[in-house]
Amino acid sequence: MKRRLQDNLRRVRDRIASACDRARRAPDSVKLVAVTKSVGIYTIRELLELGVTDVGESYVQELVRRAAMIREAIERIPLSGSLSAGAAVEPKWHLIGHLQRNKARSVMPWVTMIHSLDSLRLAEDLSSGAEKAGRRLDVLLQVNAGEESQKFGVPVAAATHMAEQIRSLPALRLCGLMCMAPLIDDQQRLRRIFVRVRELFEEIQTERLAGPAFEQLSMGMTQDFEIAIEEGATIVRVGSALFEGLEPSAKAPPA
């Protein structure tokens, strides 16, 4: 399993590097977030051993459950591999799916960044929870650039005003924008969507509607991350390409 995971990771990193080369960017300008919803805890641990520490989940319950299990596993047997031997390094958890307001509190102790902020009321709840927890929470504003009725995210026309409002909340740090493109084969349409989000990102930066932390564009998944990188993505969210050929629920072998 580890060899297959290594091979998959190498191929994904090669694809990232090739896309960066076409865009005349450095490969380290793009962060890989591994979307782990299809694999088990043992596979996530192997991924950490290989040095991939940014991990994404779509559902709050799964993120909380997996984060707790991984923490317990690392405390029992520290990571080695590509990380410093014996270092108890935990993953950085990214919530990439929709977050309901009534679940904002439960995710607070675990999440590093929320990619799917899509309303002012949710932003206010997150800021209040982060303030009570004594932390400042990194968030991305989700934009529905594809104008899909079944997807979450603020309309493009409302994004600049929303960015200004989020900036005023004391315990949130607005770090950029996120979009989820449609699952289509039309590469020109995908490119137009990514360009639209990048231009919006640049407008918010130019107008100084967000603070200095506003530097991230989370765009692109397995089927389209190369196009997203070519159009400015700084974070890509990859699952299927990383875990191809692995058992969906691979578990640790008996102790």
Side-chain angles (χ1 to χ4, degrees), residues 30-38 54-63 93-104 106-107 111-126 137-166 172 174-204 210 214 216-242:
V30 177
K31 178 184 293 184
L32 171 63
V33 172
V35 182
T36 56
K37 63 182 179 180
S38 66
D54 288 281
V55 182
E57 284 289 338
S58 296
Y59 301 104
V60 171
Q61 298 96 317
E62 281 299 290
L63 188 152
W93 292 96
H94 297 247
L95 181 65
I96 63 174
H98 179 63
L99 175 60
Q100 296 175 323
R101 291 176 58 213
N102 61 355
K103 296 179 181 176
S106 62
V107 78
V111 74
T112 299
M113 176 178 280
I114 293 174
H115 291 229
S116 50
L117 179 56
D118 60 2
S119 75
L120 181 58
R121 293 185 71 185
L122 175 60
E124 290 170 342
D125 286 349
L126 288 171
L137 181 64
D138 289 347
V139 298
L140 302 178
L141 177 61
Q142 182 175 354
V143 180
N144 188 353
E147 299 179 343
E148 297 176 87
S149 59
Q150 74 275 23
K151 285 196 176 160
F152 296 98
V154 300
V156 170
T160 53
H161 180 57
M162 180 72 73
E164 286 186 286
Q165 291 176 305
I166 295 170
L172 295 188
L174 182 60
C175 296
L177 303 179
M178 183 273 262
C179 78
M180 288 190 175
L183 294 174
I184 56 175
D185 293 326
D186 186 343
Q187 294 194 1
Q188 290 306 310
R189 184 184 172 198
L190 289 172
R191 194 175 295 278
R192 287 195 297 270
I193 289 171
F194 293 140
V195 167
R196 193 178 190 188
V197 178
R198 188 198 69 224
E199 289 174 345
L200 178 61
F201 172 82
E202 291 171 346
E203 178 185 347
I204 292 172
F214 194 84
Q216 305 300 330
L217 260 178
S218 176
M219 304 193 301
M221 303 183 78
T222 289
Q223 69 278 2
D224 55 22
F225 71 79
E226 288 147 307
I227 299 173
I229 289 171
E230 291 169 7
E231 299 304 336
T234 63
I235 300 173
V236 293
R237 313 174 304 268
V238 180
S240 302
L242 272 176

Chemist: About how many Å separate CG of Leu99 and OG of Ser58, when rounded to the nearest 0.5 Å?
Modeler: 12.0 Å

Chemist: If you look at every heavy atom in Ser240 and Thr222, which pair is closest and at what distance?
Modeler: N-OG1, 3.4 Å

Chemist: Restricting to non-hydrogen atoms, name the atom on Val33 and the atom on Val55 that form the minimum distance, rounded to 0.1 Å.
Modeler: CG1-C, 3.9 Å

Chemist: Evaluate the criterion side-chain contact (heavy atoms from CB on, under 4.5 Å) for residue pair Glu124 and Leu120; output intermediate values, then yes/no.
Modeler: CA-CA 6 Å; Glu124 290 170 342; Leu120 181 58; 3.8 Å; yes

Chemist: Which heavy atom in Phe201 sits nearest to a heavy atom in Gln216, and how many Å separate them?
Modeler: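 Minimum heavy-atom separation between Phe201 and Gln216: CE1-O, 3.5 Å.
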
Chemist: Output yes when a side-chain donor or acceptor of Arg237 lies under 3.5 Å from a complementary backbone atom of Val35, and no otherwise.
Modeler: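 No: the side chain of Arg237 does not pair with the backbone of Val35.
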
Chemist: Might you work through the side-chain contact (heavy atoms from CB on, under 4.5 Å) test for Asn144 and Asp118, ending with a clear yes or no?
Modeler: CA-CA 9 Å; Asn144 188 353; Asp118 60 2; over 6 Å; no

Chemist: Using residues 175-189 as the side-chain source, report each donor-acceptor pair under 3.5 Å to any protein atom, sequence neighbours left out, with the distance given to one decimal.
Modeler:
{"from": "Asp186", "atom 1": "OD1", "to": "Gln188", "atom 2": "N", "distance (Å)": "3.2"}
{"from": "Asp186", "atom 1": "OD1", "to": "Arg189", "atom 2": "N", "distance (Å)": "3.1"}

Chemist: Show me, pair by pair, the donor-acceptor contacts under 3.5 angstrom made by side chains of residues 155-166, not counting sequence neighbours?
Modeler:
{"from": "His161", "atom 1": "NE2", "to": "Gln165", "atom 2": "NE2", "distance (Å)": "3.4"}

Chemist: Enter the distance from Asp125:CG to Ser119:OG here, rounded to the nearest 0.5 Å.
Modeler: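 Output value for this atom pair is 8.0 Å.
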
Chemist: Could you state the interatomic distance from CD (Glu199) to CZ (Phe194), rounded to the nearest 0.5 Å?
Modeler: 14.0 Å

Chemist: For Glu62, check side-chain contact (heavy atoms from CB on, under 4.5 Å) against everything at least two apart and list the hits.
Modeler: Glu57, Tyr59, Arg65, Arg66

Chemist: Any chance you could measure Leu174, atom CG, to Leu140, atom CG, to the nearest 0.5 Å?
Modeler: 7.5 Å

Chemist: Would you compute the distance between atom OG of Ser106 and atom CD of Gln61 and round it to the nearest 0.5 angstrom?
Modeler: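 Rounded to the nearest 0.5 Å, the OG-CD separation comes to 7.5 Å.
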
Chemist: For Leu217, is there any backbone N or O sitting under 3.5 Å from a side-chain donor or acceptor partner on Thr234?
Modeler: yes

Chemist: Between Lys151 and Gln142, is a side-chain contact (heavy atoms from CB on, under 4.5 Å) present by the stated rule, with each step listed?
Modeler: CA-CA 10 Å; Lys151 285 196 176 160; Gln142 182 175 354; 5.5 Å; no

Chemist: Closest heavy-atom contact between His115 and Ser218?
Modeler: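 Looking at all heavy atoms of both residues, the closest pair is ND1-OG, 3.0 Å.
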
Chemist: Is the backbone N or O of Gly232 less than 3.5 Å from a side-chain atom of Arg198, with the two atoms forming a donor-acceptor pair by type?
Modeler: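 Answer holds: no.
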
Chemist: Within this structure, what is the CD1-CD1 distance for the pair Ile229 and Ile235, rounded to the nearest 0.5 Å?
Modeler: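 Ile229 CD1 to Ile235 CD1: 11.5 Å, rounded to 0.5 Å.
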
Chemist: Measure across Asp54 and His94 and return the closest heavy-atom pair with its distance rounded to 0.1 Å.
Modeler: OD1-NE2, 2.8 Å

Chemist: Between Ala123 and Leu172, what is the shortest heavy-atom contact and its length?
Modeler: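 Distance-wise, the nearest heavy atoms are O-CD1, 3.4 Å.
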
